[in-house]
Amino acid sequence: MAPITEVEGRRLALSNLDKVLYPATGFTKAEVLHYYATIADVLLPHLRDRPLSFLRYPDGPDGQVFFVKNVPPGTPEWVMTARVPRSEGPARMVLVQDLPSLMWAANLVTEFHTPQWLIDTPGEADRLVFDLDPGPPATVVDCCRVALWLRERLARDGVEAYAKTSGSKGLHLLAAVRGASSERTSRYAKDLAVEAERAMPRLVLHRMTRSLRPGKVFVDWSQNAARKTTAAPYTLRARAEPMVSAPVTWEEVAECRAPGRLEFRAADIAPRLQDFGDLLAPLLDPGRAAELP
């Protein structure tokens with residue numbers, strides 16, 4: 001029988017704690033749960049009030065990996081859920097609002113993916129995101145060049161950008177915005193991706209055409225669509241090692257000369273939080289959200 005743990009007055013059954021989820025390092029499910037408990041204070045504000053998509057990998061990254069968008073069977077009644085509009089009809093999705101809900105979700109073994117809008121205002125974007133994805137032999141080093149260009153270009157429009165690793169090969173750029181629909185935000189992001197390609201035609205691509213991808217950085221602007229989601233800050237990823245989508249400083253981006261410089265694992269995050277705090281905290285301040293031009 002799975003051991004029962006009490007978290008802030010809620011009883012949780014935590015299963016298969018000794019199971020190795022990351023074979024390359026021997027990182028277990030117990031360590032996954034410990035990681036999320038340790039960084040909950042910085043993770044939860046980035047999840048709260050956003051309907052979550054779960055990318056589950058219950059048998060590790062080499063097992064079955066699958067998205068779960070609707071409320072999973074067996075969800076405790078105290079986990080908050082919300083009705084979410086969709087083109088194919090409304091659905092009910094999970095909101096992770098507190099530590100017990102986070103630990104329940106982490107026990108499913110999942111990446112956390114969020115939309116760029118809040119549940120109370122599904123028609124209005126509060127985030128702008130760019131997913132910079134390198135096509136080999138390009139690497140995150142090339143993504144950093146593109147990120148610096150986008151940061152400067154966004155600043156000209158009064159939009160302040162922040163960076164995090166994807167937890168895989170690339171970088172994510174995020175900004176807090178207000179007063180625009182997801183459609184308007186998507187158009188703006190696409191315009192900037194096209195502009196970046198014109199400015200750096202040998203390096204940047206704004207289309208997902210696979211034949212054009214090798215050696216270039218794909219600036220994926222499409223995740224601003226209301227139906228799309230992006231890996232949340234601090235989420236573990238389903239990779240061979242327990243890689244994290246970790247916030248980074250612009251100095252780290254500017255000084256990156258080797259891909260390994262922007263690879264962060266679960267054990268790296270607590271020390272980084274001690275050194276830097278939450279580098280994405282400004283995204284949570286409504287007063288710093290920018291209106292798009």
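Starting from 1, each residue takes its place in the sequence as its number.
- A heavy-atom distance below 4.5 Å is not found between the side chains of F130 and H172.
- For the pair R272 and F264, the distance from NZ or CZ to the six-membered ring centre is under 6.0 Å and the angle to the ring normal is within 45 degrees.
- Looking at heavy atoms from C-beta onward, L236 lies in side-chain contact with Y57 at the 4.5 angstrom threshold.
- Using a 4.0 Å cut-off between charged side-chain N and carboxylate O, K19 and D59 make a salt bridge.
- Side chain of S181 to main chain of E124: no donor-acceptor pair is present (N/O by atom type, distance under 3.5 Å, no hydrogens or angles).
- Between P85 and P122 there is a side-chain heavy-atom pair separated by less than 4.5 Å.
- Side-chain atoms of N224 come within 3.5 Å of backbone atoms of W221 as a donor-acceptor pair (strictly under, hydrogens ignored).
- K216 contributes no side-chain N or O that, together with a main-chain N or O of G135, makes up a donor-acceptor pair within less than 3.5 Å.
- Partner of H206 under the side-chain hydrogen bond (donor to acceptor under 3.5 Å, both in side chains) criterion, out of E197, K190, E195: E197 alone.
- Contact detail for M93 and L52: the closest heavy-atom pair is CE-O, 3.3 Å.
- Side-chain atoms of Y188 and D157 include a donor-acceptor pair closer than 3.5 Å.
- Salt-bridge annotation for D131 and K228: absent, with no side-chain N of the basic residue lying under 4.0 Å from a carboxylate O of the acidic one.
- Contact annotation: the side chain of Y234 approaches that of I269 to within less than 4.5 Å [non-hydrogen atoms, C-beta and beyond].
- In terms of modelled atom types and a separation under 3.5 Å, the side chain of E152 and the main chain of W149 share no donor-acceptor contact.
- Under the side-chain hydrogen bond (donor to acceptor under 3.5 Å, both in side chains) test applied with R50, the options D126, T229, T114 reduce to a single match, D126.
- Remark: the R239 side chain and the S168 side chain contain an N/O donor-acceptor pair separated by less than 3.5 Å.
- Annotation: side chain to side chain contact (heavy atoms under 4.5 Å, CB included) contacts of E241 (sequence neighbours excluded): A24, T25, M243, R265.
- For the side-chain hydrogen bond (donor to acceptor under 3.5 Å, both in side chains) with T230, the qualifying choice from K164, R127, Q116, H113 is Q116, the only one to do so.
- Nearest approach of A163 to L280, heavy atoms of both residues: O-CD2, 4.1 Å.
- The backbone N or O of L212 lies less than 3.5 Å from no partner atom in the side chain of T209, so there is not a single donor-acceptor pair.
- Residues L132 and L283 do not share a hydrophobic cluster, clusters being chains of Ile/Leu/Val/Met/Phe/Trp/Tyr side chains in contact below 4.5 Å.
- Distance alone, capped at 3.5 Å, is enough to place a donor-acceptor pair between the W117 side chain and the A226 backbone.
- In this model, no donor atom of one side chain and acceptor atom of the other lie less than 3.5 Å apart for T110 and R56.
- Between the D133 side chain and the K169 main chain, no donor and acceptor come within less than 3.5 Å of each other.
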